[in-house]
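Each ligand, and each atom within it, is numbered from 1 in the order the structure gives.
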Amino acid sequence: MKLLLASRNAKKLRELKRIVAAEGIEVLGLDDVPEFPEAPETAPTFEGNALAKARDAHAATGLPAVADDSGIAVDALNGMPGVLSARWAGAHGDDAANLELVLGQLRDVPDERRGAAFVSAVAYVAADGSEVVVRGEWRGAIIREARGANGFGYDPIFRPDGLEVTSAELSAEEKDALSHRGKALRLLLPHLRGQSSR
Ligand SMILES: O=P(O)(O)OP(=O)(O)OP(=O)(O)OC[C@H]1O[C@@H](n2cnc3c(O)ncnc32)[C@H](O)[C@@H]1O
Ligand SMILES: [Mg+2]
């Protein structure tokens, strides 16, 4: 089966591909299909945005499509940046500015109240138009200074529960095994397998 992964974020796309391609599914990115209009990500939930992205991609191409909407929910910020994670500091996708802003906002927050969770909602619109949405979460804490060069986004300031390193200090395989996105995609894989045998 051919599967379209509808993300404009190259590093996120790489993570999605890593996990899905291991299933022997032929994966296409948005660069492999003709351009189509993409609705802005304005839903109040990760699930709503993920579905909107997957529906746009499926409607434009007729291909089965998967989209991820994700972000970091910080306890001391009442769950923000949340769905605003990609543009928390203003410009879309400025990872360094986004994480610096969160570090500044948490400067006076003591260690025991620095809990946070990465969240990923993954939506799948199958060739026949049927829809599935799954969600994965990864709990941890926001540290005080960025550390590590792997991953993307907020990884350098997120220390997963039970680990002494940030998610930007994990290998790709280690992150996939633990991450919000890994968890969500593993919930989705049975649905993808069901399709490929049709
Ligand atoms: O919408 P697409 O095109 O897929 O790409 P995007 O980068 O805009 O992605 P989102 O709208 O889902 O925004 C997610 C933001 O949350 C952050 N984020 C999501 N997953 C992350 C991860 O695994 N590690 C670090 N930061 C992550 C990262 O800053 C992203 O910009
Ligand atoms: Mg986005």
Side-chain angles (χ1 to χ4, degrees), residues 4-20 27-31 33 35-57 60 65-74 77 79-103 116-124 133-143 146-160 163 165-185:
L4 178 58
L5 297 182
S7 175
R8 293 274 169 212
N9 180 325
K11 290 182 175 165
K12 183 204 280 186
L13 185 62
R14 210 179 305 155
E15 290 191 4
L16 293 168
K17 272 188 179 162
R18 259 193 331 247
I19 302 169
V20 172
V27 167
L28 304 178
L30 290 175
D31 291 341
V33 298
E35 257 187 62
F36 59 86
E38 292 164 50
E41 295 165 28
T42 52
T45 61
F46 295 111
E47 283 81 359
N49 284 322
L51 250 183
K53 289 187 251 189
R55 281 176 182 160
D56 280 354
V66 162
D68 157 291
D69 198 65
S70 48
I72 193 156
V74 177
L77 298 176
M80 291 187 284
V83 291
L84 302 177
S85 292
R87 51 203 135 104
W88 192 235
H92 183 274
D94 187 341
D95 287 354
N98 285 338
L99 74 80
E100 283 304 327
L101 181 54
V102 170
L103 285 181
F118 271 130
V119 181
S120 162
V122 177
Y124 171 49
V133 188
V134 292
R135 180 188 180 97
E137 294 195 9
W138 194 17
R139 288 284 318 170
I142 304 297
I143 59 166
R147 253 173 35 202
N150 301 333
F152 64 100
Y154 298 88
D155 280 328
I157 61 168
F158 181 79
R159 184 180 50 70
L163 299 184
V165 296
T166 68
S167 49
E169 295 174 294
L170 296 176
S171 69
E173 294 71 28
E174 289 168 330
K175 184 178 175 187
D176 293 348
L178 299 170
S179 79
H180 50 315
R181 187 164 296 106
K183 287 175 189 159
L185 280 174

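- Checked for salt-bridge contact, E137 and R139 miss the test: no charged N lies under 4.0 Å from a carboxylate O.
- By the criterion of a heavy-atom distance under 4.0 Å, the side chain of F118, and not its backbone, is placed next to ligand 1.
- Taking distance alone, with nitrogen or oxygen atoms compared against 3.5 Å, S85 stays at or beyond that limit from ligand 1.
- Taking every non-hydrogen atom of H180 and a distance limit under 4.0 Å, the qualifying atoms of ligand 1 come out as 20 (N), 21 (C), 22 (C), 23 (O).
- Among A86, P156, A121, A168, the residue whose heavy atom lies nearest to atom 30 (C) of ligand 1 is A86.
- The backbone N or O of A91 sits nowhere less than 3.5 Å from a side-chain atom of D94 that would complete a donor-acceptor pair.
- Just one of R159, R147, K175 meets the side chain to side chain donor-acceptor pair (under 3.5 Å) condition when paired with E169; it is R147.
- Near G71, the atoms of ligand 1 lying under 4.0 angstrom from a non-hydrogen atom of the residue are 16 (O), 19 (C).
- Judged purely by distance below 3.5 Å, without hydrogens or angles, the side chains of S70 and D68 pair a donor atom with an acceptor atom.
- Proximity annotation for atom 15 (C) of ligand 1: of A10, G153, A52, S70, S70 comes nearest, heavy atoms only.
- Within the 4.0 Å heavy-atom cutoff, D69 counts among the residues contacting ligand 1.
- Ionic pairing of R18 and E173 is not present here: no N-O contact between side-chain nitrogen and carboxylate oxygen is shorter than 4.0 angstrom.
- Per-residue contacts place H92 under 4.0 angstrom from the following atoms of ligand 1 (heavy atoms of the residue considered): 8 (O).
- Nearest-heavy-atom check against atom 1 (O) of ligand 1 across R87, K11, K53 picks out K53.
- Between the side chain of D69 and the backbone N or O of A121, no donor-acceptor pair lies under 3.5 Å.
- Short contacts between ligand 1 and S7, defined as distances under 4.0 Å to a heavy atom of the residue, involve ligand atoms 2 (P), 3 (O), 4 (O), 5 (O).
- Under the 4.0 Å criterion applied to side-chain N and carboxylate O atoms, E38 and K53 are not assigned as salt-bridge partners.
- Within the 2.8 Å limit, D69 places no N, O or S atom next to the Mg ion (ligand 2).
- Within ligand 1, counting atoms from 1 as listed, the ones closer than 4.0 Å to a heavy atom of K175 are 22 (C), 23 (O), 24 (N).
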